[in-house]
Number of protein chains: 4
Amino acid sequence: MTQARAPRADAVRNRKKILTAASEQITAHGPEAGMDEIAAAAGVAVGTLYRHFPTKTDLVAAVVAEYVARVADDAEAALARVADGTASALEELTAFLGRVIEQSATDRAVKAAAQTLGAQPGDHADEERASAAVAGLIRAGQADGDIHADITVNDIYLLFSTAPADQPPAARNRWLALVTPGLTIQARRTAS
Amino acid sequence: MTQARAPRADAVRNRKKILTAASEQITAHGPEAGMDEIAAAAGVAVGTLYRHFPTKTDLVAAVVAEYVARVADDAEAALARVADGTASALEELTAFLGRVIEQSATDRAVKAAAQTLGAQPGDHADEERASAAVAGLIRAGQADGDIHADITVNDIYLLFSTAPADQPPAARNRWLALVTPGLTIQARRTAS
Amino acid sequence: MTQARAPRADAVRNRKKILTAASEQITAHGPEAGMDEIAAAAGVAVGTLYRHFPTKTDLVAAVVAEYVARVADDAEAALARVADGTASALEELTAFLGRVIEQSATDRAVKAAAQTLGAQPGDHADEERASAAVAGLIRAGQADGDIHADITVNDIYLLFSTAPADQPPAARNRWLALVTPGLTIQARRTAS
Amino acid sequence: MTQARAPRADAVRNRKKILTAASEQITAHGPEAGMDEIAAAAGVAVGTLYRHFPTKTDLVAAVVAEYVARVADDAEAALARVADGTASALEELTAFLGRVIEQSATDRAVKAAAQTLGAQPGDHADEERASAAVAGLIRAGQADGDIHADITVNDIYLLFSTAPADQPPAARNRWLALVTPGLTIQARRTAS
DNA sequence: CATGAATGAGCTTTCATTCAT
DNA sequence: CATGAATGAAAGCTCATTCAT
């Protein structure tokens, strides 16, 4: 296997600029942001953009991958706090859900883009980091007796894949309040 | 008062064909289904399509309106069964949610289209019929002591606007199971 | 030759309504006025419009023909006044030119339409009435010694076919002042 | 200051081809010449055409601008000949008018297009060059005692904006003969 | 004979992608 | 390896004209 030559410094810089610009543009104008606009925002020519990402789908996938990486970081931090005893697992899990939704609100178009273009997550490593951390949170919560026994990582994914990212904050909070009882073992309390 | 002349038979036929075709095409290929394709699927020329719906947005709005009408019918039927004593309000409400989700699975793209294009619901009458019926179900469930006191029609809308329409049936059922506890007053039981 | 059946009263009425509407619409929106708009303005359906004028070109030609008839009336009146001794031929001729330009200003789009669509004047009778009257004016002016001997009807046509109909009144008057010396006898050198 | 990189050779070539083709097509088929036809005539794809001229209006404006530049060159040359003493100002002015009309005969549709599309002349520099040169000719002719004292550049514009470009050469010459007396000093009566 | 729904080629314009420079 | 000009297949929409009612 010919070891991939170490990428040139400027190529790395360009890749970063492109990803940043793509994220911004897609956030701002939705998935219909043009490749030319993204290239311009990144300060490169389209050709360069296409050298790094052979397809628009690939570019979006990369943007999504970055987003996944951030989510994984967040989940791991939450798990660490639980391990420290700083916070309860249930609290951390719902707070995590809240934060992810918050982010989706900003990056909503990214999600839309991902779905629209059928972008496949490219970075399985980060996905697995995220899954592992969330699984840890769930197990801890179950051990505490706070989280229902049959909840899985997929349930969490299912929930935040359906979060109302495009709604105003009030609606997003309300949604979280409606949805969390499904995770816990206790009955609903009067809402926030 | 010049009573609007009765619409021509073939025009009515065409309108129906167009709506059907539009629903199918949008379901199949998403909101980016082309007007030409829809027209072809309806067996008419584009011009005809544009005579009936001056804008793509209008067409989508009409498709959505039909969908809303069906939902309203469904909700009213559910309310009627509760009034009969045939079924409990909570059961009917969750069953209703389930059915709406099921339908969205087929028409998922329609919903996406509506959002994408900013289509405004054209038929407020149907929308209000649906809201009234759902409100009735909620009140009945609250009277039974089954539904939490602060649940409103908007909560129901919020939930099914976020239903995972594009997921396989198993995921959709699971989602329903996760979400319903938020509506009820009781604690979660071990899931299905 | 089967004598053309006398046209029905309502058909005549419709023809008139259509011509009026067409003139108005074309004046208002230029030659790109749509057939549907013209029909609507006339209070008939497109089909009716097409029964009277098989082609847009034909319709425009008819509108132009009406205009020609009005011009012919004007020219004949001018000639009559000269015959009466009420006014001098040169004065009447320039006044006539001025009036025609004035009208063109309103109906400018009609002229544009005529050219754009290559409409051929349909009503030779009126054209000849106009030509005869103008020729009379010219002859009278030449007899008076006011109008140059080589001026012909075609010269007059040539001039007002190039009148600046779309210019403000000041420009139109200036144009007339620039152009009239070419008609008179004084100082004209024999034309090239 | 980032000096605009020198345009690529092929881009320049294409721009020229497009302008030529556009001029020809618009001349031949009027302003309704399709963008596709123009592109085909230029031997490029539509996209290229739109890269150079973002709008049909822009394209037409560019074509008109070229025409204005040619007129300005012509007027300046005429003025230069007068300054040399090679020719009289009046002769040069009428000859200039004649040449412009001749040209308009070819480019007539361009002028129509410009008006139809409300194209704004893009190159004021050329316009002013032309105006300055014509003003020079007028002043020289007035100094010679050949041109009437109240003639201005606007008069010249007014005349050739109404030149019968679409008429056969004989008519165009006749028109010029009819119109020139208005410019000269002999026999002109004080204007209206 | 009027109606107006249907037709369909045509329009301008956009944009992901390729490739000469 | 970057550049940005060129490509060309769509897209949504218009409108003169035809023809069933």
Side-chain angles (χ1 to χ4, degrees), chain A residues 7-8 10-11 14 32-40 43-59 117, chain B residues 5 7-15 18 32-40 42-57 59 117, chain C residues 7-8 10-11 14 32-40 43-57 59 117, chain D residues 5-15 18 32-40 42-57 59 117:
Chain A
R8 277 176 24 178
D10 60 335
N14 273 343
E32 49 265 23
M35 294 297 260
D36 282 29
E37 271 79 38
I38 293 173
V44 301
V46 252
T48 306
L49 194 158
Y50 272 92
R51 172 161 296 274
H52 287 279
F53 304 96
T55 274
K56 188 173 190 179
T57 301
D58 293 325
L59 174 57
L117 297 173
Chain B
R5 181 195 292 277
R8 264 167 45 170
D10 59 339
V12 172
R13 231 187 346 262
N14 273 340
R15 189 171 204 278
I18 289 171
E32 49 267 21
M35 293 297 260
D36 283 25
E37 272 78 39
I38 294 174
V44 301
V46 250
T48 304
L49 196 158
Y50 275 94
R51 165 170 283 269
H52 286 278
F53 304 97
T55 276
K56 188 173 189 178
T57 301
L59 174 57
L117 296 172
Chain C
R8 276 176 26 179
D10 62 335
N14 272 343
E32 50 264 24
M35 293 297 261
D36 283 28
E37 272 79 38
I38 293 173
V44 301
V46 252
T48 306
L49 195 159
Y50 273 92
R51 170 163 296 273
H52 286 279
F53 304 97
T55 275
K56 189 173 189 178
T57 301
L59 173 57
L117 297 171
Chain D
R5 180 195 292 276
R8 266 168 43 173
D10 58 339
V12 173
R13 233 186 346 262
N14 273 340
R15 190 171 203 278
I18 289 171
E32 50 266 20
M35 293 299 260
D36 282 24
E37 271 78 37
I38 294 174
V44 301
V46 250
T48 304
L49 196 157
Y50 273 92
R51 166 169 280 269
H52 287 276
F53 305 97
T55 275
K56 188 174 189 178
T57 301
L59 174 58
L117 296 171

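Order of the sequence lines fixes the chain letters, A, B, ..., with proteins taken first and strands second; residue numbering starts at 1 for each chain. Remember, predicted model here, so these are calculated numbers, not experimental data.
Atom-to-atom distance recorded for D:R15:CZ and D:L49:CG is 11.0 Å, nearest 0.5 angstrom. Separating the CD atom in B:E32 from the CD atom in B:E37 is a distance of 11.0 Å, to the nearest 0.5 Å.
Residues that satisfy the salt bridge (Lys or Arg N to Asp or Glu O under 4.0 Å) test with A:D58, not counting sequence neighbours, are absent from this structure. Listed by chain and residue number, nothing satisfies the side chain to side chain contact (heavy atoms under 4.5 Å, CB included) test with B:R51 (two or more places apart in sequence, or in another chain). Every residue was checked against the side-chain hydrogen bond (donor to acceptor under 3.5 Å, both in side chains) condition with A:D36, not counting sequence neighbours, and none meets it.
Which of F:dA6, F:dT7, E:dA5 sits closest to the side chain of D:V44 comes down to F:dT7.
Residue D:I38 comes nearest to D:L59 through the heavy atom pair CD1-CD2, 4.0 Å, listed as atom of the first residue, atom of the second, then distance. Between A:A45 and A:A39, the shortest heavy-atom distance links the atoms C-CB, 3.9 Å.
The side chain of C:R51 contributes an N or O atom lying less than 4.0 Å from OP1 or OP2 of E:dA2. In this model, the phosphate group of E:dC1 is not approached by any side-chain N or O of C:H52 to a distance below 4.0 Å at OP1 or OP2. For D:T48 and F:dA5, the shortest distance from a side-chain N or O to OP1 or OP2 is not below 4.0 Å.
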Go along nucleotides 11-21 of chain F 5' to 3' and tag each nucleotide: B for a protein heavy atom under 4.0 Å from its base, S when only backbone or sugar atoms are that close, - otherwise.
SSBB-SBB-B-

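Looking at C:V44 and C:H52, their side chains never come closer than 4.5 Å, going by heavy atoms from C-beta outward.
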Dot-bracket assigned to DNA chain E with the 3.5 Å Watson-Crick/G-U criterion, [ ] for crossing and | for other-strand pairs, is .||||||||||||||||||||

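The residue among B:R15 and C:N14 whose nearest nucleotide of DNA chain E lies closer to the 5′ end is C:N14.
Separating the CD1 atom of A:I38 from the C1' atom of F:dG4 is a distance of 17 Å, rounded to the nearest angstrom.
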